[in-house]
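What follows is a set of notes on a single structure, which appears directly below.
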Amino acid sequence: MAVPALGALVAEPLFLLADSAIVGRLGTLPLAGLGIAGAVLTTAVSVFVFLAYGTTAAVARRVGAGDLRGALSQGVDGMWLALGLGVLVAAGTWAAAGPLVDLLGVSDAARPHALTYLRWSLPGLPGMLVVLAATGVLRGLQDTRTPLVVAAGGAVLNAVLNVVLVHGAGWGIAGSAVGTAATQLLMALVLAVVVARGVLRTGARVRPHPLGVLRNALDGVPLLVRTVTLRVAALLTTYVAAAQGDAGIAAHQVANTVWTTTALALDALAIAAQALVGRSLGAGDVGGVRVTVRRMAQWGVGVGVVLGLLIGFGSPLIAGFFAPGADVRAHLTAALVVLAVCLPAAGWVFVLDGVLIGAGDGRYLARAGVVTLLCYAPAALAVLWFAPSGIAGLVWLWIAFAGVYTLARLVTLVRRERDDAWVVTGASLR
């Protein structure tokens, strides 16, 4: 289950990568505008990742309880919620497009390109959120292959449409946005058809149930809070890294990219944990849940060890490839070593996070997210205020982020996992 999930996770960033490669040929200003607009869109989508996670847990639990019809009905409500949120967020972002790109510090020259890409991309935002919810439904049904096929096909189609519209039709950066939006809407349609087939086979309802949509929205609030705490921690880290000088922020950007890439592999394990734990709890198989948690934790730590060894011993090569300057290479090598040491614990964290999401324990995760952020913020600010700038400052920052923050998350998650409060069996938490 984790391997196809990893493939789908890797395929999604290829959208922006393909856009960057194709738009980059138009010049520096369009590429800069794409970077700003892409940051706005990425944030908008990542905040609503609960549409996938919450739906996975709810559907898996009902599947485990033998209620396939109820599982699909709840999944359909989640997809309708995604569509409604997508329309509202797209409309709001369209109205606030100017202030949003200005907030991110766009230059006067690149501003028109950022606004063009952002506004032409927004019609695809509802599709992207529906993709999240539909993917959650299929993961809850223990199907991680279909989202992989759709994501991979979407990545290829997006690249083709971008080339045709940007350079063939001469639409420029607007063509890139239109191609991406069209691809996202088509992906949403394909996944909706796949889910609809299951709905028709079981006789589940297709139309939204107001109470069901409201329940999905309320259930998503704790996971939304959790996601916000993670985003705030990441933004705080970048803020402190900027004080380490040009070499420091350059090295941090690459190190953060490496961290994000390794997180894809660990997140794939977390997705598998969500589906497996949710299904076992729905079936009332507490023993199976405990076995799954233990085995998934072993996988998480094991994958973290392997990735840590690869990055740790390969840090000079990675730094040499991404950083041509000697100063940046020295900063990056040191940061990567710290990152590598912390990856086994990070693997454990990701898996336990997936376990509790699969159990529907969002309220605890929200509280734990706030607590761990409060633990991390003083450590990060201490680096800003007391640590010397340069390599030492960047190393201390990564010790705070990959070490202190990860350890704080691990403590809160292990404490909860050892308790039985989250082990609630049956088709629903209510």
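Keep in mind that the numbers below use all heavy atoms, side chains included, and drop hydrogens, waters and symmetry copies. Predicted, not measured: the structure shown is a model, and the values here were computed from it.
At a threshold of 4.5 Å between non-hydrogen side-chain atoms, the residues T237 and N256 do not count as touching. In this structure, the side chains of V355 and L276 stay at 4.5 Å or more apart for every pair of heavy atoms. Between H167 and I22 there is a side-chain heavy-atom pair separated by less than 4.5 Å. Counting heavy atoms from C-beta on, the side chains of V193 and V190 never come closer than 4.5 Å. You'll find the side chain of L381 reaches within 4.5 Å of the side chain of W385, heavy atoms only. The shortest distance between side-chain heavy atoms of L83 and L129 does not fall below 4.5 Å.
Contact between V351 and A273 at its shortest, heavy atoms only, is O-CB, 4.1 Å. Taking each heavy atom of H331 and I391 in turn, the nearest pair found is NE2-N, 3.3 Å. What you find for V395 and A334 is that their closest heavy atoms are CG2-CB, 3.5 Å. Contact between P30 and I173 at its shortest, heavy atoms only, is O-CD1, 3.4 Å. Across all non-hydrogen atoms, the minimal contact from A52 to T56 is O-OG1, 2.8 Å. Between R61 and V424, the closest heavy-atom pair is NH1-O, 2.5 Å.
Side-chain N/O atoms of R62 and Q74 include a donor and acceptor closer than 3.5 Å.
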*Verify side-chain contact (heavy atoms from CB on, under 4.5 Å) between L189 and L185, making sure each step is shown before the conclusion.*
CA-CA 6 Å; L189 178 61; L185 290 171; over 6 Å; no
*Take L384 and Y239, measure what side-chain contact (heavy atoms from CB on, under 4.5 Å) needs, and give me the verdict at the end.*
CA-CA 9 Å; L384 181 64; Y239 174 75; 3.8 Å; yes
*Test V23 against L26 for side-chain contact (heavy atoms from CB on, under 4.5 Å), laying out the working first.*
CA-CA 5 Å; V23 171; L26 297 176; 4.3 Å; yes
_Test side-chain contact (heavy atoms from CB on, under 4.5 Å) on V45 and L41; report intermediate values, then the result._
CA-CA 6 Å; V45 173; L41 292 167; 5.6 Å; no
*Output, in order, the C-alpha distance, side-chain angles, deciding distance and verdict of salt bridge (Lys or Arg N to Asp or Glu O under 4.0 Å) for R290 and D420.*
CA-CA 10 Å; R290 289 299 184 185; D420 287 331; 2.5 Å; yes
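The structure places CG of L165 at 9.5 Å from OG1 of T180, a figure rounded to the nearest 0.5 Å. Annotation: the span from Y53 atom OH to F48 atom CZ amounts to 15.5 Å, rounded to 0.5 Å. Atom CG of D219 sits about 10.0 Å away from atom CZ of F50, to the nearest 0.5 Å. Taken from CG in L72 to CG in D77, the straight-line distance is 11.0 Å, to the nearest 0.5 Å. Between the CH2 atom in W422 and the CG atom in D361 there is a gap of 8.5 Å [rounded to 0.5 Å]. Atom CG of L191 is separated from atom CG of L186 by 9.5 Å, given to the nearest 0.5 angstrom.
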If you look only at distance, which donor and acceptor atoms sit under 3.5 Å apart when one is on a side chain in residues 293-312 and the other is two or more places apart or in another chain?
none

Which side-chain N or O atoms in residues 398-410 pair as donor and acceptor under 3.5 Å with protein atoms at least two apart or in another chain?
| from | atom 1 | to | atom 2 | distance (Å) |
| --- | --- | --- | --- | --- |
| W398 | NE1 | H252 | ND1 | 3.2 |
| T406 | OG1 | A402 | O | 2.9 |

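The neighbour count for R119 CZ, taken as heavy atoms of other residues, nucleotides or ligands under 6.0 Å away, is above 12. A 6.0 Å sphere centred on CH2 of W80 holds no more than 12 heavy atoms belonging to other residues, nucleotides or ligands. D419 CG: more than 12 foreign heavy atoms inside a 6.0 Å radius.
Of the charged side-chain nitrogens involved, none lies within less than 4.0 Å of a carboxylate oxygen, so that D353 and R416 do not count as a salt-bridged pair. Between R111 and D102 there is a salt bridge, since a side-chain N of the basic residue sits under 4.0 Å from a carboxylate O of the acidic one.
A donor-acceptor contact shorter than 3.5 Å links the side chain of N162 to the backbone of N158. Side chain of Q142 to backbone of G140: a donor-acceptor contact under 3.5 angstrom is found.
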